[in-house]
Amino acid sequence: MSGAAPVLEVRDVHTAYGLSRVLFGVSIEVHAGECVCLLGRNGVGKTTTMRSIMGLTPPSAGRVLWKGSDITGWAPYRVARAGLGFVPEDRRIFADLTVWENLDVAVRAARGGAGGFSIERVFDLFPKLGELTGRQGGFLSGGEQQMLTIGRTLMGNPELLLLDEPSEGLAPIVVDHLRDQIARLKGDGLTILLAEQNVEFSLALADRVYVLEKGAIRFSGPAARLRADEALRHELLAL
Amino acid sequence: MPAPSFLFAQALSGLTAAMFLFLVASGLSLIFGVLRVLNFAHGSFYMVGAYLAWQIVHWFGRDPASFWWAAVGAAVGVALLGGVVERVLLRHLYGKEELYQLLFTYALVLILSDAAKVLWGTGQLSVSRPPGIAGAFRFLDTTIPYYNLFILLLGPAIALGFWLMLGRTRTGRFIRAAALDREMLGALGVNVSRLYTGVFVLGSFLAGLGGALVTPVKAIVPGMDVEIIVEAFIVVVIGGLGSFWGTFLGAVIYGQVLSFGILVFPRFSIFSVFALMAVVLIIRPWGLLGRPLKT
Ligand SMILES: Nc1ncnc2c1ncn2[C@@H]1O[C@H](COP(=O)(O)OP(=O)(O)OP(=O)(O)O)[C@@H](O)[C@H]1O
Ligand SMILES: [Mg+2]
């Protein structure tokens, strides 16, 4: 992390929904190959930070830099094509499309010609999906939908995955499986920015952590520090 | 009891009318389903298609294939008009209050209707049936023009092609996904605004084609724009807005009810259609094959 420039740089971003201001100067850096976690309670602005990065809710002030170029204000499809993949917390599966069709609409060739993702590789990661290819997205369980929404974003061959609360509302055993698969993606070299309320889940994956509070960064540091210091964890996140 | 051959003739004429209605209503329904815009001017595109077809036939009248050139040319011309309207004007109204979109498309109705009067006058214009299939044949004691048979085959063929495109092609998957969640599709890297233009162009093309193909069976008159848009609205209400086969079914039912309604209420055949629509709205407000809107 030391010398190399970060791939993603969020600089002093302010974001509002209409008149309601949500982010007040958020700055984040993510380096290639890292798993960075955004922690914070309900409504502190984790999702809004990701939406600001993707251009879904463009910031009113501040900059978003991707590999050194300014992508602030780009349309989301251009941000996605530049190599960012967003997995929304509410999953947003296309309910009338089958599992296979959900994956197919997101196919995008890998940049730089590297091998990249294919439907087979998604089924290898989430074998359950492979058994359900013809089922409509609306008829999947919560866990299956979560796998599908991650798999769908992976079909676009992102270099950075923005994962918004993947563990939300899932049974513990499904959460464990999901954590292992995300760890596998990280092991394959994918850069990940993860938003979570589940501290245990995120500390198992993260290299570094940002803690958000009321739309501003309250703490940033190595995940190991939070893992080791229960008092600090308590103070920041009041479990 | 009217003679069977008469009933058969009525059914066929209702079915022929249904095919034109389907061409117009399917585009209206597609545009609403994907763009969430209720395009009042869709009937005006049909009218422009008819006038353009007349104009092209007028220019190339000596060529025996002129009608076919006119049909294709009119449909493409209307598609281009639709593309310009969407790119230059309509696109600024997405996400705004629906009232603005309604006002805009209504303004377009008025503009196109006046433009047509300036360019082509207020009299009736007509186009004769294409020479190759100008004749008729007899079947079950009924005289059937070959042109009507052509329309009766073309309508289902277009419906089938359209349906396969939506269900089996990648473009179709994009269109269905955009109808469900435009923002998500964009975040997956799809240029949804270009897709919107494509959908609007496709819908306009079908309206223009319908207008061009109707010219040999119906006179071109001012007011045909408003007449068809009202009919197309009724068709999608009956069939279910956004439901593909619902639109087809709605068109067929509309054609039949109008055609046989004449026998029951000779002077107010439109009344039977309104009665049908009222019944559908009472028992299935979302249309025969539609789905209740999620709130
Ligand atoms: N579309 C919206 N319009 C207005 N306010 C919104 C909108 N979305 C979120 N907010 C508000 O912005 C604030 C931050 O929301 P955000 O979704 O970013 O938080 P979060 O950290 O992701 O929360 P959660 O853990 O519940 O997902 C909240 O107060 C929320 O009520
Ligand atoms: Mg959130």
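Chain letters run A, B, ... following the sequence lines, proteins first and then strands; every chain starts at 1. FYI, side chains are in, hydrogens and waters are out, and symmetry mates aren't considered; it's all heavy atoms of this structure.
- Counted within 6.0 Å of CZ on A:Arg21, heavy atoms from surrounding residues, nucleotides or ligands total 12 or fewer; the atom is thus considered open.
- Here the closest non-hydrogen pair linking B:Gly186 and A:Ala80 is O-CB, 4.5 Å.
- A salt bridge does not link B:Arg176 with A:Asp96: every distance from a Lys NZ or Arg NE/NH1/NH2 to an Asp or Glu carboxylate oxygen is 4.0 Å or more.
- The neighbour count for B:Arg194 CZ, taken as heavy atoms of other residues, nucleotides or ligands under 6.0 Å away, does not exceed 12.
- Atom CZ of A:Phe139 has 12 or fewer heavy atoms from other residues, nucleotides or ligands within 6.0 Å.
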With side chain to side chain contact (heavy atoms under 4.5 Å, CB included) as the criterion, how do B:Leu188 and A:Met155 come out once you've worked through the C-alpha distance, each side chain's angles and the decisive distance to 0.1 Å?
CA-CA 9 Å; B:Leu188 291 169; A:Met155 294 308 296; over 6 Å; no

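- A heavy-atom distance below 4.5 Å is found between the side chains of A:Arg51 and B:Glu183.
- Within the 4.5 Å cutoff, the side chain of B:Met184 has heavy atoms near those of the A:Phe94 side chain.
- Using modelled atom types, no side-chain atom of B:Arg173 and backbone atom of A:Asp104 make a donor-acceptor pair closer than 3.5 Å.
- Across B:Gly189, B:Ser193, B:Ala187, the residue that shares the most heavy-atom pairs under 4.5 angstrom with chain A is B:Gly189.
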Going through the checks in order, is the side chain to side chain contact (heavy atoms under 4.5 Å, CB included) test met by A:Val105 and B:Val190?
CA-CA 8 Å; A:Val105 293; B:Val190 175; 5.6 Å; no

